[in-house]
Amino acid sequence: PTLTPTESPSSVPTITALPTSPPTTAPSAAPTSAPTPLCTEGAFLNTTSLECQGCPNGQVSAGGLGVTSCSECPVGQFPNSDQSECQPCGAGMETSSDNTGCEKCLAGRYSDGVRMKQCWDCVVGKYSSNSTAVACDLCKAPLTTTADNSTSCDACVQAWYQADVDADGIPVCEECPLKTEGVDCDKTGITIQSLPIRQGYWRYIDTTSQVF
């Protein structure tokens, strides 16, 4: 005999749709720029290459984030060995022309290293005979100088004239004959040869101060 089922299933099983594409974990977009590098002392960030590079000669940088240039040292200072900071030149010195070190004040110039950060010429009436001078020497009257930047007392003051030079090449000064109307000694640096003789007067030779 054939058996007939008495009951049918109460419901039809449902089927869930599978995803059409596999899940992704990749970021939606790549970073737009690289992080800014931290430059070391003596270096700066090149804004074109975004890389650190060393400071040019004569310049310094403390380094750090976002430092895009180096700077020159103030007058009277120069960079230390790693170009991280400036250091002062000593007295009698000044910054070299290329800003990389210090050089001596030449004869005729001076620097005290405190008030003056560079070398200056000795003024008229003063001189310095050696390099690295920290001050100028005052000429002893009746000696003087005829210009700034002098290395010795090379002339006689007004109302005196240079009659000769001594063994060291220093002028020997004598007073002008002020009582003589024919001579005019109103300038500094007069020599016996250049002694001004007024019009109407004369002298035998240019090595005498006697006029007629």
Side-chain angles (χ1 to χ4, degrees), residues 21-140 143-155 165 168-171 188-189:
S21 60
T24 177
T25 57
S28 59
T32 57
S33 62
T36 302
L38 182 68
C39 296
T40 60
E41 293 180 342
F44 71 101
L45 177 65
N46 185 314
T47 55
T48 301
S49 65
L50 296 181
E51 295 180 348
C52 296
Q53 66 183 61
C55 290
N57 288 339
Q59 297 187 16
V60 297
S61 167
L65 187 66
V67 176
T68 58
S69 64
C70 301
S71 57
E72 293 187 353
C73 291
V75 174
Q77 299 185 29
F78 69 102
N80 61 359
S81 58
D82 59 8
Q83 292 182 251
S84 62
E85 61 182 0
C86 300
Q87 54 191 15
C89 295
M93 309 281 286
E94 67 178 347
T95 308
S96 60
S97 57
D98 60 4
N99 295 321
T100 60
C102 297
E103 56 190 17
K104 300 176 181 178
C105 294
L106 300 176
R109 312 190 78 201
Y110 76 104
S111 168
D112 63 12
V114 180
R115 295 171 301 156
M116 300 173 177
K117 304 301 183 182
Q118 65 189 88
C119 301
W120 293 89
D121 290 346
C122 296
V123 298
V124 171
K126 295 184 177 183
Y127 72 101
S128 67
S129 55
N130 300 312
S131 61
T132 66
V134 299
C136 298
D137 297 314
L138 180 66
C139 294
K140 295 181 179 180
L143 291 172
T144 188
T145 64
T146 55
D148 295 342
N149 191 30
S150 293
T151 59
S152 65
C153 299
D154 56 1
V165 293
D168 297 322
I170 304 300
T188 296

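- With values rounded to the nearest 0.5 angstrom, D112 atom CG is found 9.5 Å from C105 atom SG.
- The shortest side-chain heavy-atom distance between C136 and V123 does not fall under the 4.5 Å cut-off.
- Contact check for C153 versus P171: no side-chain heavy atoms found under the 4.5 Å cut-off.
- There is a side-chain donor-acceptor pair under 3.5 Å between S96 and D98.
- Counting heavy atoms from C-beta outward, T146 and V124 have side chains that stay 4.5 Å or more apart.
- The two residues Y110 and C122 make their nearest non-hydrogen contact at CD2-SG, 4.3 Å.
- Contact detail for G108 and N149: the closest heavy-atom pair is O-OD1, 3.2 Å.
- T145 contributes a side-chain N or O that, together with a main-chain N or O of G125, makes up a donor-acceptor pair within less than 3.5 Å.
- Heavy-atom neighbours of K104 NZ from other residues, nucleotides or ligands within 6.0 Å: at or below the threshold of 12.
- Sorted by first and then second residue, the salt bridge (charged side-chain N to carboxylate O under 4.0 Å, His left out) pairs with a member in residues 65-88 form an empty list; sequence neighbours excluded.
- Distance check: E103 CD to C119 SG gives 7.5 Å after rounding to the nearest 0.5 Å.
- Contact annotation: the side chain of V67 never approaches that of C39 to less than 4.5 Å [non-hydrogen atoms, C-beta and beyond].
- Distance check, rounded to the nearest 0.5 Å: CG of L45 to CG of L65 gives 8.5 Å.
- Residues I170 and L143 come closest through the heavy atom pair CG2-CD1, 3.7 Å.
- Applying the side-chain hydrogen bond (donor to acceptor under 3.5 Å, both in side chains) test to pairs two or more places apart or on separate chains, those with a residue in residues 119-138 are R109-D121.
- C89 and F78 make their closest contact through SG-CD2, 3.9 Å (heavy atoms, listed as atom of the first residue, atom of the second, distance).
- Going from atom CE of M93 over to atom SG of C102 covers 5.5 Å, rounded to the nearest 0.5 Å.
- Among residues two or more places apart in sequence or in another chain, the side chain to side chain donor-acceptor pair (under 3.5 Å) test is passed with Q53 by N46.
- Side-chain contact between C55 and Q83 is present, with heavy atoms from C-beta onward closer than 4.5 Å.
- Between the side chain of T95 and the backbone N or O of Q77 there is at least one donor-acceptor pair closer than 3.5 Å.
- Proximity of T100 to P79: side-chain heavy atoms (C-beta onward) are nowhere separated by under 4.5 Å.
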